[in-house]
Amino acid sequence: MILRSAHRVATRLFAQGDGRIADRTVDRVQLARTVLGAAATIALILAYNVDPNRWEDAAYGGAAQLIVAPFVLIIAAPLVIIGFIYYAPPHLRPHLRSRLRAPLKAVSWYVLTLVVMGGILVPTALTVDADDGKSWWEYVLAVASLIVIVWGFPFFFMASLYSARSAFNSAQVHPMLPPVLTLTLVWVFAAFSLIGDGMPGGPPIVQFCSTLGGPLSVTAVSLWELRRMRTRFGVTLRA
């Protein structure tokens, strides 16, 4: 019941479908790419990296990317969207700018979620002491913190998932924006990974596949999705 409620609200705020092209073929290819990418990662770890901490690092890295992705989008997406609108024909730019309300609204809800959660949990951790007698406001903070933990954390997780997938409902500005933002996101993460962890172990071909296999495959799928929008659905930016 609680998870269903959190999921319903997260879907309403961060997974609005207006403007997004429903293409099951693209969805299947994206799912297949994800499964094959995970299988390739597991195979490379088994073949060339016997460090037992590698599995834990991979799990934590995937979870961290999920949480960090919306923040990267908040920082990088404005630059991408500005360039996207600038690339559009002059007569379409006012229309695209007028549709920025949807992603801005989604970003505002996401930031507000963080502010509310932090505004409840931080004072609770600093002031509420289980060994002392509690005043009425400490009880209020304790109840509010319990609500954040039970309902807020699942909501935040699903909000992060949907925000990353929909790029904060950017399809409502233009259907081509989500794949473009996905390209930006995956290469930003690849750069962070290379700077932070360096090259993985193994022969050069394995290092290349581990470092660039994911970003290149996502790039290929995103470019194919953009081409499919143009050829199958007639969606263009310069028309």
Distance check, rounded to the nearest 0.5 Å: [X] atom [atom1] versus [Y] atom [atom2]?
X: T236; Y: L226; atom1: OG1; atom2: CG; value: 11.5 Å
X: L96; Y: Q172; atom1: CG; atom2: CD; value: 13.0 Å
X: H174; Y: L100; atom1: NE2; atom2: CG; value: 12.5 Å
X: L13; Y: N169; atom1: CG; atom2: CG; value: 8.5 Å
X: E225; Y: M176; atom1: CD; atom2: CE; value: 9.5 Å

Of all the heavy-atom pairs spanning [X] and [Y], show the shortest one and how long it is.
X: P178; Y: S166; value: CG-O, 4.4 Å
X: A167; Y: L73; value: CA-CD1, 3.9 Å
X: M229; Y: P175; value: CE-O, 3.2 Å
X: G118; Y: P123; value: O-CD, 3.6 Å
X: P215; Y: T219; value: O-OG1, 2.7 Å
X: T25; Y: R228; value: OG1-NH2, 3.4 Å

State plainly whether one hydrophobic cluster holds both [X] and [Y], where clusters connect Ile, Leu, Val, Met, Phe, Trp and Tyr through side-chain heavy atoms under 4.5 angstrom apart.
X: V9; Y: V111; answer: yes
X: I75; Y: L112; answer: no
X: I85; Y: L79; answer: no
X: W224; Y: L181; answer: no
X: F84; Y: I82; answer: no

**Request:** Please test L223 against L183 for side chain to side chain contact (heavy atoms under 4.5 Å, CB included), starting from the C-alpha separation and ending with a verdict.
**Result:** CA-CA 9 Å; L223 292 177; L183 285 173; 4.3 Å; yes
Tabulate below the donor-acceptor pairs under 3.5 Å that side-chain atoms of residues 141-162 make, not counting sequence neighbours, or state none.
{"residue": "S145", "atom": "OG", "partner": "T124", "partner atom": "OG1", "Å": "2.7"}
{"residue": "S145", "atom": "OG", "partner": "L141", "partner atom": "O", "Å": "2.9"}
{"residue": "W151", "atom": "NE1", "partner": "S5", "partner atom": "OG", "Å": "3.2"}
{"residue": "S160", "atom": "OG", "partner": "Y110", "partner atom": "OH", "Å": "2.8"}
{"residue": "S160", "atom": "OG", "partner": "F156", "partner atom": "O", "Å": "2.9"}
{"residue": "Y162", "atom": "OH", "partner": "H7", "partner atom": "NE2", "Å": "2.7"}

**Prompt:** Do the non-hydrogen side-chain atoms of K105 and S108 ever get within less than 4.5 Å of each other?
**Reply:**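 Side chain of K105 against side chain of S108, heavy atoms only: no contact under 4.5 Å found.
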**Prompt:** Under 6.0 Å from the CH2 atom of W109, do we count more than 12 heavy atoms belonging to anything else shown?
**Reply:**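 Not buried by this count: 12 neighbours or fewer within 6.0 Å.
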**Prompt:** Is the charged tip of R93 near the ring of Y86: under 6.0 Å from the six-membered ring centre and within 45° of its axis?
**Reply:**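 Verdict for Y86: a cation-pi partner in R93.
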**Request:** Give a yes or no on whether the backbone of F14 and the side-chain of S163 come within a donor-acceptor separation of less than 3.5 Å.
**Result:**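 Not at all, since once roles are kept as given, no pair shorter than 3.5 Å links the two residues.
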**Message:** Once side-chain hydrogen bond (donor to acceptor under 3.5 Å, both in side chains) is applied, do any residues pair with T182, and if so which ones, sequence neighbours excluded?
**Reply:**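 With neighbours one apart ignored, the set is empty.
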